[in-house]
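Working notes for the structure below.
Order of the sequence lines fixes the chain letters, A, B, ..., with proteins taken first and strands second; residue numbering starts at 1 for each chain.
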Number of protein chains: 2
Amino acid sequence: MLELRLVQGSLIKKVLESIKDLVNDANFDCSATGFSLQAMDSSHVALVALLLRSEGFEHYRCDRNISMGMNLGNMSKMLKCAGNDDIITIKADDGSDTVTFMFESPTQDKIADFEMKLMDIDSEHLGIPEAEYQAIVRMPSAEFARICRDLASIGDTVVISVTKEGVKFSTRGDIGTANIVLRQNTTVDKPEEATIIEMTEPVSLTFALRYMNSFTKATPLSSTVTISLSTELPVVVEYKIAEMGYIRFYLAPKIEEDEDEHETKPQV
Amino acid sequence: MLELRLVQGSLIKKVLESIKDLVNDANFDCSATGFSLQAMDSSHVALVALLLRSEGFEHYRCDRNISMGMNLGNMSKMLKCAGNDDIITIKADDGSDTVTFMFESPTQDKIADFEMKLMDIDSEHLGIPEAEYQAIVRMPSAEFARICRDLASIGDTVVISVTKEGVKFSTRGDIGTANIVLRQNTTVDKPEEATIIEMTEPVSLTFALRYMNSFTKATPLSSTVTISLSTELPVVVEYKIAEMGYIRFYLAPKIEEDEDEHETKPQV
DNA sequence: CCCGATCCCA
DNA sequence: TGGGATCGGG
């Protein structure tokens, strides 16, 4: 028996909006600890890890560990039927092959229940080792989204370079090049507007903008984002979910291209 | 000679927005009583009845009963040319085969007149008998629209079930099932937010969501909607038009499907 | 938080 | 061409 009640139902709606374009089907794992998900994107390039800790729910009952395979597109369809201030409860009976989403309006005048079939999904649950990163950038999530969107209109990849002065996002495309530099800035009115760099060593890595732009779908979940970088490790783009956990996106860097790769003439 | 002047011209704009997708061509009937229309939708499944009483117009002159056949798409195109706070006058000369829409801006600085050809339309003007209904639900129109839209993302038909406790909207589709229950609730701050059930007998009927969603195009005309249900009678979905009349949509229920219809094995 | 308007996608 | 989503305003 599983019963998870979340007063701020819009959180789970936003979570699904942020991953449904990246991952088609995934197992949600439920244990006493919390409600979590780990899945590769459909092209097996990026990885999503979600954690919603049990303490963040108003009611959390999970009698035994359970893994529920869901089609995220269908789940998202159902969650769209919840109002933004509805209370959402996720229920599953032991041995059932369905999950029920219950939506209660704040006034209790409307109660909806949506039942969805579960799926069997092979999941290779990777252990993700906690790593030390050479650089961790925290910045406003909306600004990061804007930068990724802007750069994607020029090129396909972004080079993220961190020094202790700041972070630089660069791209190059047919029509030209672009560089956006953010200086470290901790002296702002609101802490969520700060750009903060923790760095042990300068680092410069290249990533596909297409995936970065997918990750920024999670922007509504948090006003800040942290980007953790280390040579030869996947970047971690993390959005904290207030009081509950996080959603993290992992993406391997591209191998540095030869500067001359665009030359049409063959190399000697 | 016909001349109908309506200060709140946006009303007639909204009326056309709410029926132009359902009905292609229709006769507007004008008499001393008012301006009315009755038409089947283009697939001859649903029926629309509109009444705008003469008392609701600031000036109403209709020398003799007249029926004017109009293409609602073209009429809507013209009405879109009126500002939302324009005064709209509908004019037709006796024996003319055209109708003129005149739009006056509130400041009188702009006066437009649009002339449209009338059409000859066969219309079987059905007498719609006033019926007694087993259940009449009054609820916020926006909520009804939201429910029909949400359910249409899951299934094709809605079962509306009324008991004295409340009204339930249910559907079923490939990805799962959905039930939305509204409790009767008369204790709200604003009367238009109430959900009120008048019922002599419980009733449960099935309708095509496609039509329901067409009907909800009339939502801007009224903050509440009433849904009148009786076994084997068409449902009536009515939006009152303040001070003037109503727009009513009629739709026959679907015959209740056999529970086993989805079985793959043939019935014995 | 709801509403309307505009823009974009299907 | 219609519906949905997003953005801006009340």
- prompt: Between R5(A) and E104(A), is there a salt bridge with N-O shorter than 4.0 Å?
  reply: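 Yes.
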
message: Taking the ring of Y239(A) and the ring of Y246(A), is the distance between their centroids below 6.0 Å?
response: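 No, they do not, as the ring centres are separated by 6.0 Å or more.
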
How close or far is atom [atom2] of [N] from atom [atom1] of [X], stated in whole angstroms?
X       : N      : atom1 : atom2 : value
R149(B) : dG4(D) : CZ    : P     : 6 Å
L151(B) : dG3(D) : CG    : P     : 17 Å
K20(A)  : dG4(D) : NZ    : P     : 13 Å
N213(B) : dG4(D) : CG    : P     : 8 Å
L209(B) : dG3(D) : CG    : C1'   : 16 Å
L16(A)  : dA5(D) : CG    : C1'   : 17 Å
D189(B) : dC2(C) : CG    : P     : 14 Å
R146(B) : dC3(C) : CZ    : C1'   : 14 Å

query: Looking at dC1(C), dG2(D), dA5(C), which one has an atom nearest to any side-chain atom of D85(A)?
result: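 Per side-chain heavy atoms of D85(A), the pick is dC1(C).
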
message: Please confirm whether the shortest side-chain N or O distance from K217(B) to OP1 or OP2 of dG2(D) is below 4.0 Å.
response: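 No, outside the criterion.
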
- request: State whether K80(A) places a side-chain N or O below 4.0 Å from either non-bridging phosphate oxygen (OP1 or OP2) of dA5(D).
  value: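 For K80(A), the contact criterion (side-chain N or O under 4.0 Å from OP1 or OP2 of dA5(D)) is met.
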
message: Between L22(B) and Y211(B), is the side chain to side chain contact (heavy atoms under 4.5 Å, CB included) condition met? List the steps.
response: CA-CA 8 Å; L22(B) 205 56; Y211(B) 290 99; 4.3 Å; yes

field: Nearest non-hydrogen partners of V167(B) and I197(B), listed with the distance
entry: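 Residues V167(B) and I197(B), closest heavy atoms: N-CD1, 3.8 Å.
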
